[in-house]
Amino acid sequence: MARARKRLAGAAGPGEPDPAAERRSLSAAHSPLRMGKALDKKGPEGKRTKTKNECEASAKVENSGLQETSEASEDCGKNLSRYWLMKSEPESRLEKGVDVKFSIEDLKAQPKQTTCWDGVRNYQARNFLRAMKLEEDAFFYHSNCRKPGIAGLMKIVKEAYPDHTQFEKNSPHYDPSSKEDNPKWSMVDVQFVRMMKRFIPLAELKTHHQAHRATGGPLKNMVLFTRQRLSVQPLTREEFDFILSLEEKEPS
DNA sequence: GCCAACGTTGGC
DNA sequence: GCCAACGTTGGC
């Protein structure tokens, strides 16, 4: 966002999590929570970002929970492709006097249609950012708005690096506990790929999720529903492909 | 380490 | 605007 808004990820407030909390989150495995996107710019880029990590690290972190391990281990070796869902608020909302709004239209309007995904302040979400690799696909999800749902597709164009907003006192995402020589929070850069052929509303995803819980369908464990509030979350390939297939169908 | 209070997320 | 879910804080 250019100013963005993002939602951040974490829930907690002021700030800074302690190591124990971090450990807990990591081990917990997963869950996604929420997130938001960010904003804007200040620097070269503006919005939120993601991170980078390697296979090993990422596989460990992530897998722990959310996805299946088997899948994860596979990834590590070869096809490491993973898919993501990242939340951002498309409607204006002030956070410490700063508008965190950042919609997919805002992303499209950025230079090179690229932004840094800043403002994530939740350990699980941060760890997912760190697990992201170049060229991976992510859904751009509109949250906390009149029409929540998946608006489009973007891809990771820069792996995780320190989120500069954690050091900026004026940022709504300033974290006084984070030190320059040991940054706590990360972001990645994302680039717009395309709008969904049709907007996929949260309600529709939920309907499928509920049906799939009974039938064993692809959305049965979708993190969007199993871990509320996670702003950066992983999707399996099956989840990703199923959601893309919804584009061709009539709204349900 | 437990756990109650607190604050945030985010759908409705 | 309400409020349920849930992560974080901080006393003990």
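- Summarising the geometry, the separation between CZ on Arg121(A) and P on dT9(C) is reported as 13 Å, rounded to the nearest angstrom.
- In this model, the phosphate group of dT9(B) is not approached by any side-chain N or O of Gln228(A) to a distance below 4.0 Å at OP1 or OP2.
- One interatomic measurement links the two molecules: CH2 of Trp185(A) to C1' of dG7(C), which rounds to 11 Å at whole-angstrom precision.
- Nucleotide dT8(C) holds its C1' atom 13 Å from the CD atom of Gln124(A), rounded to whole Å.
- Put simply, CZ on Arg93(A) is 12 Å from P on dG11(B), counting in whole angstrom units.
- Between Ser92(A) and Asp99(A), the side chains place a donor N or O and an acceptor N or O closer than 3.5 Å (distance only, hydrogens not considered).
- Listed nucleotides: dT8(C), dG11(B), dT9(B). Nearest to the side chain of Leu202(A): dG11(B).
- Separating the OH atom in Tyr83(A) from the CG atom in Leu153(A) is a distance of 10.5 Å, to the nearest 0.5 Å.
- When rounded to the nearest whole Å, the span between CZ of Phe128(A) and C1' of dG7(C) equals 15 Å.
- Here the C1' atom of nucleotide dG11(B) and the NE2 atom of His142(A) are 16 Å apart, to the nearest Å.
- Contact annotation: Tyr141(A) side-chain N/O to dG11(B) OP1/OP2 distance is under 4.0 Å.
- The CD atom of Gln210(A) sits 13 Å away from the C1' atom of dG11(B) (whole-angstrom rounding).
- Separating the CG atom in Leu205(A) from the CD atom in Glu239(A) is a distance of 10.5 Å, to the nearest 0.5 Å.
- The interatomic distance linking Asp175(A) (CG) with dT8(C) (P) rounds to 12 Å, in whole Å.
- A salt bridge does not link Arg198(A) with Glu247(A): none of the charged nitrogens is closer than 4.0 Å to a carboxylate oxygen.
- Of the candidates dT9(B), dG11(B), dG7(C), the closest approach to any side-chain atom of Asn122(A) belongs to dG7(C).
- OP1 or OP2 of dC12(B) has at least one side-chain nitrogen or oxygen of Lys206(A) nearer than 4.0 Å.
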